[in-house]
2 protein chains.
Amino acid sequence: MQAYTASRISLPSHSAQPSLPAAFGRETQQPVSFFPAGSEIYAQGEKAGSFYQVEFGAVRIYRLLADGRRQISAFHLTGETFGFEAGTTHHFFAEAINGTGVRVLRLAAGADISHQLLPLALKGLTRAQEHLLVLGRQNAIERVAAFLFDMAERQGGLRQVELPMSRMDIGDYLGLTIETVSRVFTRLKDKGVIRLLNLRNIEIVKHEALQYMIE
Amino acid sequence: MQAYTASRISLPSHSAQPSLPAAFGRETQQPVSFFPAGSEIYAQGEKAGSFYQVEFGAVRIYRLLADGRRQISAFHLTGETFGFEAGTTHHFFAEAINGTGVRVLRLAAGADISHQLLPLALKGLTRAQEHLLVLGRQNAIERVAAFLFDMAERQGGLRQVELPMSRMDIGDYLGLTIETVSRVFTRLKDKGVIRLLNLRNIEIVKHEALQYMIE
DNA sequence: CGTGGTGTTGATTACTTTCAAGATGTGTGG
DNA sequence: CCACACATCTTGAAAGTAATCAACACCACG
């Protein structure tokens, strides 16, 4: 059994203010905060009310069981938005996987941007529900295939895919152990479906084989 | 492996118009439609744009893999709302589990009720993410315990809990086979945690034991 | 060039599924 | 109201998949 305790590694430092998030008005503009690898963006139980846009890097959203088992419910890559939750407190943890730039968009009191948030929330809902199918009904190789397919798609559908997260993160996202994740990578490599360029970069050789695995 | 094909059993018939859904304005009022047990409310690929409130009965939301494996992502009981989705087409199937009354709330063109929908979408998102933890990181007995705990809570926290769905529905919700679900029910009964009043009604004898199982 | 963390591979164990048979429950028609 | 029939559920035995335990390899860092 793999176990964790949530740790606050360091505080973010503010940096420059690059590209404007297209979907939101100027009034919500905030500078970009930098979060070092492994640092906490928000914690379960903290007051919610902001949301966050990834400028660069990657973020994991997760929950813990009392005995330390961890389930990552989502990864967020550059350009993606996260952090909105029901109620006033966070139900999940958010951490930077690597050094990550995040634009914190604090909701002005009374500002009604629900018509902008709703599509994002619905997209997150659809994503979560699709992930339920993977965790509930697919085996190890299908889960990894679905993960790689999704990551490739979110990176523009290129052959080369970057995996900013560790095997342990992948395992905790797919409901598998790191050993099983590793074995499946090896199997996919031996089948010629993927090539392992290095630990964090893979090439999808047989895209259609991958797609076929996940239906 | 358990397999399904989605079937259209019958069409709904309109009936009386009881209680007003408190959260929504008069302009969205619609009569209650009755859906017989097993009938389809909407299908994957159909045009979305309405949402639905359960007046009585129960609904299952699910997805299918090409080979017939099914994952139920949610059950909806009396008073609950469902059907909002990202994009213009449904990604899921919705079926009445038993004879079910549903109020169909069609969105008037241009009507902006996103501020009413957002909390519902966020609640659904939180629910789905919590379910991810169950499917990804909990074993059979913990899954069933989490399910019973949730059902009890949604029915007012009473000792007696009604399970309107079959063992197969429960299995497809929890990512288990019907045999495993049945065995776990027996184990919980033998431990004195629950009593099986009949197939569709259980009594939670040791509420704290159930809670302890799911942390 | 060590050293600690991360990842891979192998052997064994454990849990859930699958296959199979029997029991229970429900609905229908006589 | 009872009897039959079909569907659903339960239980048992065997098989399969992933987890666990363990050792080793690789990589990044100081």
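All chains are named by letter (A, B, ...) in the order of the sequence lines, taking the proteins before the strands, and each is independently numbered beginning at 1.
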Item to check | Closest nucleotide among D:dA19, C:dG10, D:dG12 to the A:Leu176 side chain | outcome: D:dA19

Next on the checklist: Below the 4.0 Å mark, does C:dT8 have OP1 or OP2 next to a side-chain nitrogen or oxygen of A:Ser182?
Outcome noted: yes

Next on the checklist: Without decimals, in angstroms, what is the distance between A:Glu179 CD and C:dA11 C1'?
Outcome noted: 13 Å

Checklist entry - What parts of residues 193-202 of chain A reach DNA chain C, counting only heavy atoms under 4.0 Å away? => result A:Leu199, A:Arg200

Item to check | Nucleotide D:dG16, atom C1' - distance to CD1 of A:Ile141 in whole Å | outcome: 15 Å

Checklist entry - Rounded to the Å, how far apart are A:Met168 CE and C:dG5 C1'? => result 11 Å

Item to check | Pairwise salt bridge (Lys or Arg N to Asp or Glu O under 4.0 Å) hits with a residue in residues 77-87 of chain B, at least two apart | outcome: B:Glu80-B:Arg154

Checklist entry - Just how large is the angle between the end axes of the helix from C:dC1-D:dG30 to C:dG30-D:dC1, five pairs per end, to 10 degrees? => result 40°

Next on the checklist: Below the 4.0 Å mark, does D:dT20 have OP1 or OP2 next to a side-chain nitrogen or oxygen of A:Thr177?
Outcome noted: no

Item to check | Those residues that, when tested against A:Arg143, pass salt bridge (charged side-chain N to carboxylate O under 4.0 Å, His left out) (two or more places apart) | outcome: none

Next on the checklist: Tell me which pairs pass ring pair (Phe, Tyr, Trp, His ring centres under 6.0 Å) where either residue lies in residues 181-215 of chain A, with sequence neighbours left out.
Outcome noted: A:Phe149-A:His207

Checklist entry - For A:Ile97 and C:dT6, what is the distance between atoms CD1 and P respectively, to the nearest whole Å? => result 14 Å

Item to check | Value in whole Å for how far the P atom of D:dA19 lies from CD of B:Glu142 | outcome: 14 Å

Next on the checklist: When you measure from the side-chain N and O atoms of B:Thr186 to the phosphate of D:dT11, is any distance below 4.0 Å, counting only OP1 and OP2?
Outcome noted: yes

Next on the checklist: Measure CD1/B:Ile178 against P/C:dA23 and give the value in whole Å, please.
Outcome noted: 17 Å

Checklist outcome for this item: In short, salt bridge (Lys or Arg N to Asp or Glu O under 4.0 Å) pairs touching residues 180-195 of chain A with sequence neighbours left out are A:Arg195-A:Glu203

Checklist outcome for this item: From CZ of B:Arg183 across to P of C:dT17 the rounded distance in Å is 9 Å

Checklist entry - So, is A:Arg167 near the phosphate of C:dT8, with a side-chain N or O under 4.0 Å from OP1 or OP2? => result yes

Next on the checklist: Pick the closest DNA chain D nucleotide for A:Gly175 and for B:Ser166 by heavy atoms, then say which residue is nearer the 5' end.
Outcome noted: B:Ser166

Item to check | Mutual orientation of the aromatic rings belonging to B:Tyr42 and B:Tyr52 [parallel < 30°, tilted 30-60°, perpendicular > 60°] | outcome: tilted

Item to check | Donor-acceptor pair, side chain of A:Glu55 and main chain of A:Thr78, under 3.5 angstrom | outcome: no

Item to check | Lys/Arg-Asp/Glu bridge criterion (N-O < 4.0 Å) met for A:Arg137, A:Glu215 | outcome: no

Checklist entry - Once you round it to whole Å, what is the distance between P of C:dT16 and CD of B:Gln138? => result 12 Å

Checklist entry - Would a 4.5 Å heavy-atom cut-off, applied to side chains only, mark B:Val161 and B:Leu148 as touching? => result no

Next on the checklist: Using 30° and 60° as the class boundaries, would you call the ring planes of A:Phe75 and A:Tyr173 parallel, tilted or perpendicular?
Outcome noted: tilted

